[in-house]
Undergrad: 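Once you've had a glance at the structure underneath, I'll fire off some questions.
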There are 2 protein chains.
Amino acid sequence: MKTLRERKKQRTRESLLRAALELFTTQGYEHTTVDEIAEAADVSQRTFFRYFAGKEDAAFAVQDMTEQHFLACVRTRPAHESPMEALRQAVLEGWDAIRETVESAVPVELYLRMYRTIESTPALLAAHLRRSAATEETIARLLAEREGVDPDTDPRPRLAVAVFGGVIRVTERQWCTGEDFSLESIRQLTASHLDLVGPALTGNWRASGAGRPD
Amino acid sequence: MKTLRERKKQRTRESLLRAALELFTTQGYEHTTVDEIAEAADVSQRTFFRYFAGKEDAAFAVQDMTEQHFLACVRTRPAHESPMEALRQAVLEGWDAIRETVESAVPVELYLRMYRTIESTPALLAAHLRRSAATEETIARLLAEREGVDPDTDPRPRLAVAVFGGVIRVTERQWCTGEDFSLESIRQLTASHLDLVGPALTGNWRASGAGRPD
DNA sequence: ATTTCACATGTCAGTAACTGACACGTGTGA
DNA sequence: TCACACGTGTCAGTTACTGACATGTGAAAT
């Protein structure tokens, strides 16, 4: 962030993002027009679309950051951990560092509000699930490489990640529909839900090529 | 289907649906406009929207039928089967009867083509995942009632269904990206994938209130 | 310091998915 | 045969998005 130009761009983007999330979380996503967002950020509608591919893109800008952070966490997990254990530690790590991850863009409180808005807006929930599917594919390849198996012939990486993702989504949903919107709440929910499904696919794939680990 | 009016409506709807799926699967969903569909069915654009809530709705009209059939199968599963076993049998039943389920609306071949189109079109995949999530919620309540547990306090129904749904999605994806588009193929894939995750949550919830069954 | 140029932005026109209002004509039931 | 309910077409309007072009303001070279 050196030149004046870059700083201006940064401010414009931040301004648009904040305006968007603020409007989405207060009036609802569907009832917010791009024109409104642009006006709130004091730019033209066309400029909004130069910073974000679409309305949806703005809604997920912060989620993108946390997702990237989660992926980074997975990558740095020690090799001796089983796949499921590595994923478990990575999510929890992600929640622990959520403030630092997010605060550079928007206040955590706004991020959490947006999280709930996504979950309660059909169009955004759909987008969220599709994005999650894409992330799961990335993680599956990561785990496959890490465990030294071929993701195209061995279904276990994708299955493990699918199971994991399923648990995460149940957790998200329960947190959003509950009444305790604290970080501790979602962190604790994540941990306990993962424990319930623990027995599934926890084994080390490198040991035996065959069937059920455990 | 008695009066002439009703028969006319039926034919219009069928005409629109066929035109839509045919165009979606050949030119792609995004490159097909509602105007095109309406023209192919020889009605006005406005009429299309009187039969379908939107473009997306037409794309999922047949999926709706199979989904309903699957739910019906789940409901008629004998009580002695464990939740996972009941779900497993219900999906396989669903695939076995797919011809009869679908043929009244469109040829199975068109249904299968549309299935792949959904999987390979981001917007439709997103919608599909959201719809799946809704179905999973329904199934979770079904299983909870069937097993005599409270879905609002006991997370096991939703977790089991989430795991199950995850496996189904991996299966769908693998089938769509593979080269064998036969019914047998997807049926067999479903069965073998479910076997791999078998150990998870297979127990009978009614037996003990506590932790890991099995 | 001036000039030159690249780049961020605004304006405008156009497309496509919808939605509401109204008018028309055809089956339907009396 | 009459009255009307209902399916349909037309038209106007909204919103998300895109391409083309013009303009003005920073950045870099002289």
Side-chain angles (χ1 to χ4, degrees), chain A residues 1-21 23-24 26-61 117-118 121-128 130-131, chain B residues 1-17 19-21 23-24 26-61 117-118 121-128 130:
Chain A
M1 197 180 332
K2 259 176 120 176
T3 71
L4 189 146
R5 223 150 40 204
E6 281 174 63
R7 266 176 289 144
K8 259 191 177 174
K9 269 181 71 172
Q10 178 96 1
R11 259 185 291 133
T12 304
R13 194 195 142 85
E14 194 176 320
S15 183
L16 278 167
L17 185 54
R18 273 170 193 266
L21 296 197
L23 288 168
F24 289 163
T26 51
Q27 334 180 317
Y29 176 75
E30 322 260 38
H31 300 116
T32 302
T33 68
V34 174
D35 284 320
E36 271 180 299
I37 301 170
E39 191 182 11
D42 206 46
V43 293
S44 71
Q45 191 216 49
R46 194 67 182 84
T47 293
F48 172 90
F49 285 109
R50 288 202 175 94
Y51 282 90
F52 301 98
K55 227 173 114 175
E56 200 183 279
D57 229 57
F60 287 102
T117 303
I118 288 173
T121 306
L124 290 181
L125 178 57
H128 175 57
R130 189 197 47 194
R131 292 163 46 87
Chain B
M1 197 177 329
K2 261 177 124 167
T3 72
L4 189 147
R5 229 161 21 212
E6 281 175 64
R7 267 177 287 145
K8 260 191 176 176
K9 269 181 71 172
Q10 178 96 0
R11 258 185 292 133
T12 305
R13 194 195 142 86
E14 194 176 320
S15 182
L16 277 168
L17 185 53
L21 297 198
L23 288 168
F24 289 163
T26 52
Q27 334 178 319
Y29 176 75
E30 322 260 34
H31 299 115
T32 302
T33 68
V34 175
D35 285 320
E36 270 180 301
I37 301 169
E39 192 182 9
D42 206 46
V43 293
S44 72
Q45 190 214 51
R46 195 67 183 84
T47 294
F48 172 89
F49 286 110
R50 288 200 176 95
Y51 282 91
F52 300 98
K55 224 172 115 177
E56 200 183 280
D57 229 58
F60 286 101
T117 303
I118 288 173
T121 306
L124 290 181
L125 178 58
H128 175 58
R130 188 196 50 195

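Keep in mind that this is a model prediction, so the values were computed, not measured. Residue numbers start from 1 in every chain, and the chains themselves are labelled A, B, ... in the order their sequence lines are given, proteins ahead of strands.
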Undergrad: Checking contacts here: which listed nucleotide (C:dA8, D:dT8, D:dA16) is nearest the side-chain heavy atoms of A:K9?
TA: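 For A:K9, the side-chain atoms sit closest to C:dA8.
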Undergrad: By nearest heavy atom, map B:F49 and B:K8 onto DNA chain C; which one lands nearer the 5' end?
TA: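 First, find each residue's nearest nucleotide; the 5'-ward one identifies B:F49.
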Undergrad: Between the base of D:dG9 and the side chain of B:R50, is one N or O donor paired with an acceptor at under 3.5 angstrom?
TA: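 Yes, the side chain and the base share a sub-3.5 Å donor-acceptor pair.
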Undergrad: In whole Å, what is the span from the CD atom of B:Q10 to the C1' atom of D:dG7?
TA: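 Atom-to-atom, B:Q10 to D:dG7, this comes out as 15 Å.
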Undergrad: First locate atom CG of B:L125, then atom CZ of A:R130, and finally report the distance between them rounded to the nearest 0.5 Å.
TA: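 It is 7.5 Å, given to the nearest 0.5 Å.
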Undergrad: Rounded to whole angstroms, how far apart are CG on B:D35 and P on D:dC11?
TA: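 It is 14 Å, rounded to the nearest whole Å.
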Undergrad: Check every strand shown and say whether B:S44 touches a base, only sugar-phosphate, or nothing at a heavy-atom separation below 4.0 Å.
TA: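 The answer is base, as B:S44 lies within the cut-off (heavy atoms under 4.0 Å) of a base atom.
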Undergrad: By nearest heavy atom, map A:F48 and B:T32 onto DNA chain C; which one lands nearer the 5' end?
TA: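 On the 5' side of the pair lies A:F48.
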Undergrad: Is the closest basic N to carboxylate O distance between A:E56 and A:R131 below 4.0 Å?
TA: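 Salt bridge absent between A:E56 and A:R131.
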Undergrad: Where the side chain of B:R46 is defined as all heavy atoms beyond and including C-beta, which of C:dG10, D:dC11, C:dG27 is the nearest nucleotide?
TA: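 Nearest nucleotide to the side chain: D:dC11.
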Undergrad: Heavy atoms only, 4.0 Å cut-off, all strands: where does A:Y51 land among base, sugar-phosphate and nothing?
TA: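 Sugar-phosphate, backbone atoms only, no base.
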Undergrad: For A:D42 and C:dG10, what is the distance between atoms CG and P respectively, to the nearest whole Å?
TA: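 Result: 8 Å.
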Undergrad: Specify the separation, in whole Å, of atom CD of B:Q45 and atom P of D:dG9.
TA: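 Taking CD of B:Q45 and P of D:dG9, I get 11 Å after rounding.
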Undergrad: Closer than 4.0 Å, any side-chain N/O of B:T3 to the OP1 or OP2 of C:dT28?
TA: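 Looking at the OP1 and OP2 atoms of C:dT28, one of them is under 4.0 Å from a side-chain N or O of B:T3.
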Undergrad: Can you check the A:K55 NZ to D:dC17 P distance for me, whole Å?
TA: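 These atoms are roughly 8 Å apart.
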Undergrad: Identify which one of B:E6, B:R5, B:R11 satisfies the side-chain contact (heavy atoms from CB on, under 4.5 Å) criterion when paired with B:K8.
TA: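 Result for side-chain contact (heavy atoms from CB on, under 4.5 Å) with B:K8: B:R11.
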Undergrad: Taking NE2 from A:H31 and C1' from C:dT19, how many angstroms apart are they, rounded to a whole number?
TA: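 It is 14 Å, rounded to the nearest whole Å.
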Undergrad: Using a strict cut-off of less than 4.0 Å between a Lys/Arg side-chain nitrogen and an Asp/Glu carboxylate oxygen, indicate whether A:E30 and A:K55 qualify as a salt bridge.
TA: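 No salt bridge links A:E30 with A:K55.
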Undergrad: Below the 4.0 Å mark, does C:dA8 have OP1 or OP2 next to a side-chain nitrogen or oxygen of A:T12?
TA: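 Looking at the OP1 and OP2 atoms of C:dA8, neither is under 4.0 Å from any side-chain N or O of A:T12.
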Undergrad: Can you measure A:R11 atom CZ to C:dT9 atom P for me and round it to whole angstrom units?
TA: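 Roughly 11 Å, once rounded to whole Å.
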Undergrad: Using a distance-only criterion (donor-acceptor N/O pair, under 3.5 Å, no hydrogens), is the base of D:dG26 paired with the side chain of A:R7?
TA: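 Checked by distance alone, the answer is no.
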Undergrad: Figure out the CZ/C1' separation between B:R5 and C:dG27, and round it to whole Å.
TA: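 Atom-to-atom, B:R5 to C:dG27, this comes out as 5 Å.
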Undergrad: Judged by modelled atom types alone, do B:T47 and B:S44 share a side-chain donor-acceptor pair under 3.5 Å?
TA: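 Judged by distance alone, the side chains do pair up.
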